[in-house]
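Just so it is clear: chains get the letters A, B, ... in the order the sequence lines come, proteins before strands, and each one is counted from 1.
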There are 2 protein chains.
Amino acid sequence: MTRRAYSRLSQDRRRTDLLEATLACVADLGLDRAGARQIAERAGVSAGLIRHYFPSKDEMVRAAYAYLMGQMTAAAEDSVAGGELSPEAALAEVIAANFAAPSLSGVKVSLWATFVGRVRVDPAYADIHREGYREFLDLLEARIHPVLVAQGCPADPARCKHLAIALNGLIDGLWIEGSLDHGLYDERRLPGIALAAAEGILRLPDTTLTRHLAREDERS
Amino acid sequence: MTRRAYSRLSQDRRRTDLLEATLACVADLGLDRAGARQIAERAGVSAGLIRHYFPSKDEMVRAAYAYLMGQMTAAAEDSVAGGELSPEAALAEVIAANFAAPSLSGVKVSLWATFVGRVRVDPAYADIHREGYREFLDLLEARIHPVLVAQGCPADPARCKHLAIALNGLIDGLWIEGSLDHGLYDERRLPGIALAAAEGILRLPDTTLTRHLAREDERS
DNA sequence: TTCGCTGTTGTACGAATGTAAAACAAATCT
DNA sequence: AGATTTGTTTTACATTCGTACAACAGCGAA
């Protein structure tokens, strides 16, 4: 029997290949059917190699979750990085970014849900989840505060935190149902629905956030 | 070898025992480790019996998801069943019920997330999810409309639907993070946060919903 | 009490699983 | 060019999985 030809990749490259193959398998096979052999095949690698990069398959899956959350929070932070926008426009952008590609994605929400299902079981998943949630909460709070100040609304820390919690809930819930694409309504309306609801939650005058919606469309 | 003693149960009883054992195993082992043998043991039954009630283990898991969603939507509908409340109080109750036991539950959110992770993979899960989501959306819309009318707000069908979508998103997102109990804030504040945010989304005067909060506490 | 039905158990089996470790080869160093 | 290192493949193994099926036993009917 002749051996398969292969090439040696850098440790980081091979590792991320394995992580992405893991996510791909979990997304369209489910956690139970995402076996070591199938992940390895998707990564273009033989099954035994997994144990050269991870102490066990379970730890590789955990690492894949951490990798996914790192990508998602990095994307959220980048969504307002370079711009010199008004506080209102910046907040609108952070919110609306969740309802367009690549955030609005059936694959992403499938992975997110699958892993959240393990948070209660496995403390490692709980830690990763908590960290990602806290980061997004902080990001939101930092974007909310200047808007409240500019609009002359009360902006004490307790109120900001509560508003961030509520806004994060709104975004999460709409993102999940929107990404699942169940066909119960037109997903293109989600940015408008989300921004109008956010205006209400923050007690801002109408169109404070929604008037920044058109610019989002032009960009695409 | 002596055989195990057993008793014959009614078909319905045995079936729901199996479904509840399935949910219990999925909740605290995860979908991949919830094997037929472990589920059977939890149900106080031998593994072979599964195939007497379900064509396969996978179909039993699907049936367990349908069973769970049936329980949850039934609970949501019951939460406003008998009362002769004002429209505002009824809406507040529907919302607040999601942030107290038994709805606010780590087990429930784990199961919910685990199954949502399969929606994209398996059309049967997609159907069950869509149906449950649509039912809750309709329930919310039916509770929102009379409030808007009573408060003299615009209440055309399109606006009601958008508001129901936003409110559902808010509830879902807060319910998930609250149930996961990550310790980033005090979950007892969730009903207040949710009701205040709902007031904002619906553009209602302050305390229209939150003034019904105290009554919720007294009841417990 | 005995019979008959069928819900239930126990066992067996092939396939798939995660993992260990030996054999190999690709890249690097000398 | 040859030696060395180590990333990678391959084979092997114990375990677990879902399922099939024959044997058994609880329970109502006669």
### Message
With a sphere of 6.0 Å drawn around CZ of A:Arg14, does it hold more than 12 non-hydrogen atoms of other residues, nucleotides or ligands?
### Response
yes
### Query
Whole-Å distance between D:dT8 P and A:Glu41 CD?
17 Å
## Note on the structure
Of A:Arg33 and A:Gly48, the one whose closest nucleotide on DNA chain C sits nearer the 5' end is A:Arg33
### Task
Find the distance A:Arg13:CZ to D:dG7:P and express it as a whole number of Å.
17 Å
### Message
From CD1 of B:Ile39 over to P of D:dT16, roughly how many Å is that when rounded to an integer?
### Response
17 Å
### Task
Send over the distance from B:Lys57 NZ to C:dA16 C1', rounded to a whole Å.
13 Å
### Message
How many whole angstroms separate atom CG of A:Leu18 from atom P of D:dG7?
### Response
13 Å
### Query
Of the non-hydrogen atoms in B:Met69 and B:Gly132, which two are nearest, and what is the gap between them?
CE-CA, 3.8 Å
### Among D:dT9, D:dT6, C:dT8, the one nearest A:Leu49 by side-chain distance
D:dT9
### Message
Just the rounded figure in Å: distance from P of D:dT10 to CD1 of A:Ile50.
### Response
15 Å
### Task
Assess the side chains of B:Glu177 and A:His129: does a donor N or O sit below 3.5 Å from an acceptor N or O?
yes
### Summary
In short, B:Leu29 meets A:Arg118 closest at the heavy-atom pair O-NH2, 3.4 Å
### Query
Nearest heavy-atom pair of A:Gly178 and A:Leu104: which atoms, and what distance?
C-CD1, 3.9 Å
### Message
Any carboxylate oxygen within less than 4.0 angstrom of a Lys/Arg side-chain nitrogen, looking at B:Asp12 and B:Arg15?
### Response
no
### Message
Taking 4.0 Å as the cut-off, does a side-chain nitrogen or oxygen of A:Gln38 come that near to OP1 or OP2 on C:dA16?
### Response
no
### Query
With side chains defined as the heavy atoms from C-beta onward, is the minimum distance between A:Lys108 and A:Trp175 less than 4.5 Å?
yes
### Query
What's the closest nucleotide to the B:Gln11 side chain, out of D:dT19, D:dT9, C:dG7?
C:dG7
### Query
Where along nucleotides 25-30 of chain C does protein come under 4.0 Å, by heavy atom, of base (B) or sugar-phosphate alone (S), with - for untouched nucleotides?
BBS---
### Message
Heavy atoms from C-beta onward define the side chain here; which of D:dT9, C:dG18, C:dT8 lies closest to that of A:Ala36?
### Response
C:dG18
Close N or O pairs between protein and nucleotides 12-14 of chain D (under 3.5 Å):
none

### Message
Within the 4.5 Å heavy-atom criterion, are B:Val119 and A:Val109 side-chain neighbours or not?
### Response
no
### Message
Please report the distance, rounded to the nearest Å, between CG in B:Leu9 and C1' in C:dT9.
### Response
15 Å
#### Entry: Lys/Arg N to Asp/Glu carboxylate O, B:Arg33 vs A:Asp58, below 4.0 Å
yes
### Task
Could you tell me whether the phosphate oxygens of C:dT8, OP1 or OP2, come under 4.0 Å of any side-chain nitrogen or oxygen in B:Tyr53?
yes
### Min side-chain heavy-atom separation B:Leu19-B:Tyr53 under 4.5 Å
no
### Query
Is the distance from OP1 or OP2 of D:dT8 to the nearest side-chain N or O of A:His52 less than 4.0 Å?
no
### Message
Tell me the interatomic distance from B:Arg15, atom CZ, to C:dT8, atom P, rounded to whole angstroms.
### Response
14 Å
